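Notes for the one structure printed next.
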There are 2 protein chains.
Amino acid sequence: MNLKQLAEELGLSQTTVSRALNGYPEVSEGTRRRVQEAAEQHNYRPNTRAKGLATGRSMMIGHVIPASTQHEMVNPVFGDFVAGASIACANRGYDTMFTRVDDGDEEAAYRSLMGKGSVDGVILQVPKIHDSRIALLKRIGLPFAVHGRSSDVTDSYNWVDVNNTSAFRRATEFLIDLGHRRIALINGLEIMDFAKRRRDGYTSALEAAGIAVDPSLMSSEEMTEVSGHHQTRDLLESATPPTAILVASMISALGVRRAIEEAGLKMGKDISVITHDDDLSYLKNGQDVPIFTATRSSVRNAGSILAEILIDSIATPLSPPRHKLLEAELVVGRSTGPAPA
Amino acid sequence: MNLKQLAEELGLSQTTVSRALNGYPEVSEGTRRRVQEAAEQHNYRPNTRAKGLATGRSMMIGHVIPASTQHEMVNPVFGDFVAGASIACANRGYDTMFTRVDDGDEEAAYRSLMGKGSVDGVILQVPKIHDSRIALLKRIGLPFAVHGRSSDVTDSYNWVDVNNTSAFRRATEFLIDLGHRRIALINGLEIMDFAKRRRDGYTSALEAAGIAVDPSLMSSEEMTEVSGHHQTRDLLESATPPTAILVASMISALGVRRAIEEAGLKMGKDISVITHDDDLSYLKNGQDVPIFTATRSSVRNAGSILAEILIDSIATPLSPPRHKLLEAELVVGRSTGPAPA
DNA sequence: TACGCCATCCAAAGCGCTTTGAAAGGCGAG
DNA sequence: CTCGCCTTTCAAAGCGCTTTGGATGGCGTA
């Protein structure tokens with residue numbers, strides 16, 4: 001059933017039917033009701049492509065996933081972030097689309113999305129410290145919003161980010177207050193912006209407490225269970241192991257815990273652990289008492305806010321970019337305790 | 001830049017330009033090259049919606065995620081499965097779209113996707129034992145393919161599934177061979193088809209070995225870390241705890257391991273564990289030696305195969321449905337050992 | 001020279017919708 | 001009764017592409 005058929009059936013013009021369904025005022029209430037009922041009854045839905053062609057909008061938000069970041073961090077948070085974003089999009093009538101891009105083809109991919117007109121805007125994830133995608137998108141004029149920030153980019157743009165620096169400063173201070181002095185940082189890859197900020201928070205807290213930053217206590221890798229495990233094992237096997245470890249992700253933290261237990265140590269007693277927790281719905285940090293002491297911030301919530309910002313900026317293209325800095329909450333669980341004497 | 005402009009610039013008709021770009025034979029090679037170069041140079045991409053309108057195809061594959069299954073199992077495998085499917089789709093020129101659906105609105109959602117013409121086909125995940133979506137999609141004529149099967153549906157349809165029954169039978173036999181007699185099963189929700197099949201495999205192996213099936217050793221819940229943990233704790237606290245546990249997912253298995261270690265037991269020595277491993281790229285089962293003995297089957301690979309099947313069936317609507325049963329591989333890791341005397 | 005046949009290219013219709021510009025009808029004011 | 005003004009409805013153009021059904025011209029053949 002298409003508009004033409006529906007109009008014929010009702011004995012009205014396509015114009016009137018279209019207007020009735022789209023809530024325009026130039027239609028009498030009686031007619032509108034009649035049209036709506038007929039549409040309902042025939043299960044009529046305007047064809048997306050035709051509507052898009054006519055309006056010039058695709059009502060679609062794109063997520064572009066570079067192949068290289070598929071292992072780095074995207075996957076774990078991916079599901080929840082996207083869920084948050086896509087629910088927000090759906091509420092505003094937007095669909096969600098995915099594009100996976102081979103490394104190096106990013107420019108082509110964005111140009112293609114823009115050229116083909118398949119999306120009205122895109123969401124970027126895990127920006128690097130210097131991320132050329134932002135300048136690129138500005139240049140080609142494709143609306144976008146970033147989950148995270150890119151330190152080297154001074155232009156303003158839409159973003160939502162967790163305050164990684166303050167979260168990790170706070171976590172480090174918490175450990176220092178518990179008497180820890182040898183605190184390790186198991187970070188994500190430090191080309192990633194969030195990783196740099198977390199490190200900054202960590203080092204600034206150490207420095208403020210007069211503790212020398214020890215490079216041998218810091219490592220940065222992809223955030224997987226396996227890598228968390230071997231980084232921790234290396235730390236524990238060193239001559240002077242840390243008494244506390246700060247971890248950048250729940251996934252890594254699972255590996256950290258495994259290494260600790262394999263070494264016959266007890267987490268929260270022999271060694272303390274704080275992790276960042278994206279509050280993933282399928283990897284909850286315990287039910288009532290958290291397993292890990294953690295800096296927690298819902299990535300799902302971030303997705304939702306970011307989608308709103310992007311859609312608003314599509315609706316009013318001339319308005320200035322918006323952004324939001326979310327503060328992570330420090331939840332105290334069983335993985336932290338006083339430094340061993 | 002659109003087709004009209006490009007055609008004007010070249011001094012050709014839109015027809016010729018379109019044909020040149022789409023590889024039709026009625027264009028001389030010289031002209032084709034000239035057109036291709038101009039298109040390249042002006043960065044021309046045919047507008048998706050216009051093309052879709054004209055051809056009647058959207059070149060889009062949809063994934064529909066019911067809200068209720070968002071916690072159940074979808075999330076962990078979600079990322080990898082979708083990655084596999086979307087790469088395969090992209091190779092065939094298809095984009096990937098997501099729709100999240102509130103419970104009970106599934107019928108409306110599929111009808112809407114169909115009516116709006118926004119997708120050429122959809123992929124279904126985690127079917128239940130009796131899943132009404134399959135009949136619905138057949139009824140409304142929207143091409144689809146299922147990741148998994150639905151036992152109660154006798155009609156034929158496109159699917160890809162792991163042989164859950166044989167995988168879990170094999171795993172159970174492996175434990176029996178190691179001398180285990182009290183083997184527990186921590187399963188996913190048993191309305192889900194895969195969970196039923198895994199249970200069938202488990203019970204059939206027990207029966208074949210003349211071991212009575214003990215309902216107190218079987219539980220079925222959402223497959224999260226937290227639920228794996230408390231189900232294991234309950235098992236271990238019972239009067240006659242199992243000597244081995246079969247687990248339906250890596251995520252649950254992480255919780256299982258935590259409970260085992262909290263109880264002061266050693267996995268692989270005091271108690272054996274076998275899990276199903278979807279070979280998730282961000283939650284690898286160890287690097288060289290697997291952490292867990294596992295029935296392994298790449299969900300990413302399944303996604304890829306399923307997408308191919310769906311796209312083929314869209315291309316040739318009259319061809320009979322296709323399906324593929326993947327055999328899981330039993331990888332032996334450190335989590336299993338002889339039953340304690 | 002005349003004819004027919006390819007190879008190559010084109011004009012125009014059509015996909016299903018929105019939206020502009022105009023017509024038709026109803027009604028009160030003059 | 002006529003005029004002008006709303007309100008309600010409509011015909012038709014246009015969005016950017018594909019595709020049908022020609023047109024055109026070059027070339028070999030008779």
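Owing to the predicted nature of the structure, the values given are computational and were not obtained by experimental measurement.
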Expected list for residues 12-21 of chain A near DNA chain C, using heavy atoms below 4.0 Å, is A:Gln14, A:Thr15, A:Ser18, A:Arg19

With side chains defined as the heavy atoms from C-beta onward, is the minimum distance between [X] and [Y] less than 4.5 Å?
| X | Y | answer |
| --- | --- | --- |
| A:Arg45 | A:Lys51 | no |
| B:Ser313 | B:Arg322 | no |
| B:Leu113 | B:Met97 | yes |
| A:Ile123 | A:Val82 | no |
| B:Leu326 | B:Ile305 | yes |
| A:Tyr24 | A:Arg32 | no |

Might you point out which heavy atoms bring B:Ile311 and B:Cys89 nearest each other, and give the distance in Å? CD1-CA, 3.9 Å

For the OH atom of A:Tyr157 and the CG atom of A:Leu137, what is their distance to the nearest 0.5 Å? 11.5 Å

Report the distance from atom CD of B:Glu26 to atom C1' of D:dG21, rounded to the nearest whole Å. 12 Å

Specify the separation, in whole Å, of atom CG of A:Leu3 and atom P of D:dA12. 16 Å

Under 4.0 Å, counting only non-hydrogen atoms across every strand here, what does A:Gly11 touch: a base, just sugar-phosphate, or nothing? sugar-phosphate

For DNA chain C, note the earliest and the latest nucleotide, 5' to 3', having some atom under 4.0 Å of a heavy atom belonging to chain B. C:dT8 to C:dG16

Toward the 5' end of DNA chain C, by each residue's nearest nucleotide, B:Arg32 or B:Thr55: B:Arg32

